[in-house]
Amino acid sequence: MSLSSQGDSGIIKKSSKSLRTDKQSFDESLYPPFVKQLDAKLPDYSREGDIEYPFEETGGIGDENRVRGNWTTKADYLLSVVGFVFGLGNVWRFPFLVFTYGGLAFLVPYFVALTIAAMPMMFMETVLGQFSSLSATAVWKVVPLFKGVGLTMIFVCVLIAIYLNIVSAWSLFYLFNSISFSIPWSNCANSWSGLNCTYGSRSVCIELNGTILVNGTCLLNIDNETRTIMVKDGNEIPSLKYFHEEVLMLSNGFDSFGTLNWYLGICVLISWICVFLCLFQGVKSSGKVVYIFVLLPYIIMCVLFARLLTLAGSLEAVWHFLRPDWSILTQLPVWGEAAVQVFYSVSCCTGGLITLSSYNRFHNNLFKDIWIIVFVDLFSSLCACVLTFSALGFTCYQFSIKLDQIQIADGAHLVFVFLAEALAGVPVAPLYCGLFFLMMCLVILSTQLFVVETIVTSICDEFPERLRRNRRHVLTTTCACFILLSIPFCTSPGMYWLVLIDHFVITWPLVVIAFLECMAISWIYGIDNLLDNIKWITNFYPPFYMFWKILWKFVCPMVYLCILCFVWLEWRPLRYGSYEFPYWTLLLGWGISILPVTAIPITACVQLCTVKGSLVQKWRAVLNPHDSWGPALAVHRAEQFPLQIPEARRLLLPPELEVNAKVYEKQEESPQSRRDSRAPQIPRSQAPSTRSIAATRNSLPSFERETAI
């Protein structure tokens, strides 16, 4: 290992400059025999690109790792992780699951799955990233055979980034169209409305001097002709027509390519420009952007709460949909859905948590951070539930629908149809629609930022000597490629492609990653080594030591296998509305989802083939940690293994003993030097005794190579 002695100060408060001065003041032949033995096999330091292990001052306000950088403050990191995990899964999937599976009773299986499935994996990834200061691919120096797991994470992140970008473009499209005196999707007086479009709400019917009948229809007198319109025909309401006809320009089939929506394409371009500008300075700029992108959505949510909860039917709906139905706890599919949801909720197994934690200071208390992030994420999900249910209650009042008769869908329909329709009927609708879709833009962009950051950082960490100093070029190239990949999703069948990605890619591959990651760290690297790394970071083991050990080694792998079986056994034909996907598209979906996972066996074979030696030596090399595995800074490595660091070895000797021993040994070996008046003479009473030197030598910690380094 090549270690640098650069920096302002060294280990144990002694500068590396003073070390060089001492070395120049005395010839190396003056060292005591055991000191020369310690340094006998130390190779000379040779610079390798910009990869260094600098002895730097770890206190103060500057970056601890000056080569790679750190978060400016602890708040930057916490807000960034909250922005990363609080995303679409919390807004448009969690409320649907609570609505469908027994209200607050759904929180019981959700808590269980969070405790035994999601939080352990979240904790493990945070430890790996912070301990090594490496991203999702380079961190697999811990078990080189499984480096393909990191590559699979990056492939999944690429598809997630495109997916999030398209949804953020939809939100921008709605936001721009909310800036008007009349919300376009609140009425049928549009070119895209069609003949069957319904007015959709009680308020619009009354404004047109209509009459609401008991069965929910609206009687209108148009040109002295009485017309009956079904208000509660959900398939023809303006918000759905607007989403399909104006935003998506949806075609009739998967293979029916129509026109490109250039307005949506412009929104895609704006979204990627925002991502590029926010990540231009790395974590230094993204760590400041999150103060707006993460905090502002919560402020907007409070404003929407204050408005929606005062509308007719909202409070009754919140209590109705949150009322617990404990009978659902006996249904196995409910537990499976809760387990799958936790992967959406905390965004684990995508590499983002590893990357974000890699910019932490080494001794950051990550155990406390995990609990804060999990609590904020759960609180955000419940807030999204209350917001959704209050809007649904107002919608039921508008449509004259009983609360137990309304049916909603998850995903895009919940946000861009149901909630858009509800907010269109609120007084001063443009204001509240604009706030809601601004909130959606910020929520999605905060997740998208760190998905792209994961990809860029992983590329730079894989080729640090060439790309780390050219990070901005990597970011520019990445965003340009993503713009080109996102444009096809702005065509007519773009929605069908997004449904395919959501159904196949962002589901079971994440569970496969979780299982292999857990098995590699728990059984190959060793769970005891991981817990020792945690103690190295925080100076204490996590509470309930045996609980974490049993959880990671036995419980988590079994849970991930059960989740994987549930996802595969619950597979059903894919549909979007009334359109059923053809069989060949399902084969295409399976192919797209299997493609990232194939990187795992292919990379394992490449690792075995590129390692030199016999077959046994090859397996030993790919299953043991790489020589460079460990803390990025030598000052932190020296805390546990000082004999690996040349400067630390010399600092283990007291300065007085080192100087006196060198001169005294020279006097003993050369009688002629004692007669030389120019040679410094040390009285025998001040010379270090053989016993003191031996005691010092015995006090040095013995070096044994361990798997943690």
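All values below were derived from every heavy atom in this structure, side-chain atoms included, with hydrogens, water molecules and symmetry-related copies excluded. Model, not experiment: these values are computed from the prediction.
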Checklist entry - Going by heavy atoms in the side chains, are Phe123 and Val127 under 4.5 Å from each other? => result yes
Once the angle between the rings of [X] and [Y] is folded into 0 to 90°, is it parallel (under 30°), tilted (30 to 60°) or perpendicular (over 60°)?
| X | Y | result |
| --- | --- | --- |
| Trp371 | Phe367 | perpendicular |
| Phe99 | Phe389 | tilted |
| Phe416 | Phe243 | parallel |
| Tyr576 | His413 | perpendicular |

Next on the checklist: Checking Tyr359 against Ser80 for the side-chain hydrogen bond (donor to acceptor under 3.5 Å, both in side chains) test, could you report, in this order, the C-alpha distance in whole Å, the side-chain angles of both residues, the deciding distance, and whether it holds?
Outcome noted: CA-CA 11 Å; Tyr359 290 104; Ser80 298; over 6 Å; no
Please check this pair: side chain of [X] against backbone of [Y], looking for a donor-acceptor N/O pair closer than 3.5 Å.
| X | Y | result |
| --- | --- | --- |
| Ser314 | Gly393 | no |
| Trp497 | Phe489 | no |
| Thr507 | Phe504 | yes |
| Tyr496 | Ser251 | yes |

Next on the checklist: Please tell me whether Tyr263 and Phe176 form a close aromatic pair, meaning their ring centres lie under 6.0 Å apart.
Outcome noted: no
Next on the checklist: So that I know where these two stand, are Tyr242 and Tyr174 an aromatic pair - ring centroids less than 6.0 Å apart?
Outcome noted: yes
Checklist entry - Tell me, which pairs form a ring pair (Phe, Tyr, Trp, His ring centres under 6.0 Å) where one or both residues lie in residues 275-299, sequence neighbours left out? => result Phe86-Tyr298, Phe276-Phe280
Next on the checklist: Does this structure show an ion pair linking Asp76 with Lys284, if we count only N-O contacts that are shorter than 4.0 Å?
Outcome noted: no
Checklist entry - Do Trp272 and Asn165 have a side chain donor and acceptor closer than 3.5 Å? => result yes
